[in-house]
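In what follows, a structure is listed as structure tokens, so that the remarks can point back to it.
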Amino acid sequence: DYISIYLLKTEGYAAAIQTLAVTVLFYSINQYMLSVTNALRLYAKFNLINIYSSLITLFISVLMIYFYRIYGSLLAVSLAQILILFSTILILKRQPWFSRLNLRTGIDKKIFYQLGTYSLMSFLSMFFGTMGQLQVRNQIIEHCDPGLINAGIWEGLNKISAAFVMIASTSMGISYLPKMAGFKTSAEIHKELLLVYKIILPFILIISLLIYLFKATLISILYSPQFDSMQSLFLYQLIGDILKICSWLVAYLMLARSF
């Protein structure tokens, strides 16, 4: 109840949040399988899983939101994770590494420590980043009249930003990170980093420009007319997104070299 009240200002969604807490396990197992698939460079399987995941999420979300509105959107997140995991298992079940023998092998303490360090870093980044956003949202609700409407506008802009940033982060996770982890010399790393900057910077600048030029159209497609005031915030958000993506290239490099 506390989480429901803190996040959504009502205890009416407590059951949906409890369901989500249970299905996080399904999400974690699925992400583990995706990571192994990516590490083995089975890109066809990796892309197929992501396509099925997107289709399943879209179908479940539309269905649940149509019948149950906001409550259904929360339940859709939970149900989708279960179905996505089963689809992943069906796609990967014939892979040699998926055998029960491989899954029962012992734990390498060195690798376990390295992965534990990475997991802790990811958890802290996620936790404090999310808590920071929640605090900003709560401050908007309390001090910007009308609070809920302004918080909704801010959250709506964040969703557009997340979709934009996800394009870059996905490509980094699939290609950039494994490639950087495989380099042995500083010269190779420096050359690859400059090459990636030359490729990704023009790309994100063009995408950012298109988003900014067509922001009114984007808002009209995604949101109601109440969100029109969001237009004045796009410039600042896009500048922040560009800087975030550029910083991630260095952060991913540090992560790759730590292994």
Next on the checklist: A side-chain contact here means heavy atoms from C-beta on lying under 4.5 Å apart; do Ile204 and Leu201 qualify?
Outcome noted: yes

Checklist entry - Can you find a heavy atom in the side chain of Arg137 that is under 4.5 Å from one in the side chain of Leu134? => result yes

Item to check | Nearest-0.5 Å distance, CG of residue Leu233 to NZ of residue Lys215 | outcome: 11.0 Å

Checklist entry - Do Leu20 and Leu25 belong together in a cluster built from hydrophobic side chains that touch within less than 4.5 Å? => result no

Checklist outcome for this item: Nearest heavy-atom contact between Ile56 and Ala80 is CG2-O, 4.2 Å

Next on the checklist: Counting C-beta onward and ignoring hydrogens, is there a side-chain heavy-atom pair between Lys45 and Gln95 closer than 4.5 Å?
Outcome noted: yes

Item to check | Minimum side-chain heavy-atom gap Tyr223-Met230 below 4.5 Å | outcome: yes

Item to check | Path from Ile17 to Met131 over hydrophobic side-chain contacts below 4.5 Å | outcome: yes

Checklist entry - With Ile49, which of Leu92, Leu90, Leu42, Ile84 fulfils side chain to side chain contact (heavy atoms under 4.5 Å, CB included)? => result Leu92

Next on the checklist: Which residues pass the side-chain hydrogen bond (donor to acceptor under 3.5 Å, both in side chains) test with Asn158, not counting sequence neighbours?
Outcome noted: none

Next on the checklist: What I'd like to find out is whether the side chain of Phe234 reaches to under 4.5 Å of the side chain of Gln237, using heavy atoms alone.
Outcome noted: no

Next on the checklist: Can you tell me how far apart OG1 (Thr37) and OH (Tyr32) are? Round to the nearest 0.5 Å.
Outcome noted: 10.0 Å

Checklist entry - For Phe127, does its backbone N or O pair with a side-chain atom of Thr130 as donor and acceptor, under 3.5 Å? => result no

Checklist entry - Do Leu85 and Ile89 come within less than 4.5 Å of each other through their side chains, counting heavy atoms only? => result yes

Next on the checklist: Does atom CD (Gln226) have a neighbourhood of more than 12 heavy atoms from anything else shown, all under 6.0 Å?
Outcome noted: no

Checklist entry - Are Ile141 and Ile149 connected in a single hydrophobic cluster, I mean Ile/Leu/Val/Met/Phe/Trp/Tyr linked by side-chain heavy atoms less than 4.5 Å apart? => result no

Next on the checklist: Filter on ring-ring contact (aromatic ring centres under 6.0 Å, His included), then keep only pairs touching residues 48-71, sequence neighbours left out; what's left?
Outcome noted: none

Checklist entry - Are Phe164 and Ile199 co-members of a hydrophobic cluster defined by side-chain heavy atoms under 4.5 Å apart? => result no

Checklist entry - Would Ile51 and Leu55 satisfy side chain to side chain contact (heavy atoms under 4.5 Å, CB included), going step by step from the backbone distance to the final call? => result CA-CA 6 Å; Ile51 291 171; Leu55 292 175; 4.1 Å; yes

Checklist entry - Which value, rounded to the nearest 0.5 Å, describes the distance between Ser87 atom OG and Ile82 atom CD1? => result 12.0 Å

Checklist entry - Is the closest side-chain donor-acceptor distance between Thr23 and Gln81 under 3.5 Å? => result no

Item to check | ring-ring contact (aromatic ring centres under 6.0 Å, His included) contacts touching residues 188-210 (sequence neighbours left out) | outcome: none

Checklist entry - Say you draw a straight line from CZ of Arg69 to CG of Leu74; how long is it, rounded to the nearest 0.5 Å? => result 14.5 Å

Next on the checklist: Are the side chains of Leu34 and Thr88 in contact, using a 4.5 Å heavy-atom criterion?
Outcome noted: no

Next on the checklist: If you compare all heavy atoms of Ile140 against all heavy atoms of Ala151, which two are closest, and at what distance to 0.1 Å?
Outcome noted: CG2-N, 3.5 Å

Item to check | Residue pair Val22 / Phe26: nearest heavy atoms and the distance that separates them | outcome: O-CD1, 4.2 Å

Next on the checklist: Show the nearest heavy-atom pair for residues Gly72 and Met64, with the distance to one decimal.
Outcome noted: O-CB, 3.2 Å

Item to check | Enclosure of Ile70 CD1 (heavy-atom neighbours >12, cutoff 6.0 Å) | outcome: no

Next on the checklist: With a 6.0 Å cut-off (strictly less than), is the heavy-atom count around CZ of Phe227, excluding the residue itself, greater than 12?
Outcome noted: yes

Checklist entry - In terms of hydrophobic clusters joined by side-chain contacts under 4.5 Å, are Leu75 and Ile65 together? => result no

Checklist outcome for this item: Heavy atoms of Ala16 and Ser78 approach each other most closely as O-OG, 4.2 Å

Checklist outcome for this item: In terms of heavy-atom contacts, Leu238 and Ser208 come closest through CD1-O, 3.5 Å

Checklist entry - OG of Ser232 to CD1 of Ile153: how many Å apart, nearest 0.5 Å? => result 8.5 Å

Checklist entry - Rounded to the nearest 0.5 Å, what separation is found between the CD1 atom of Ile60 and the CG atom of Leu83? => result 5.0 Å

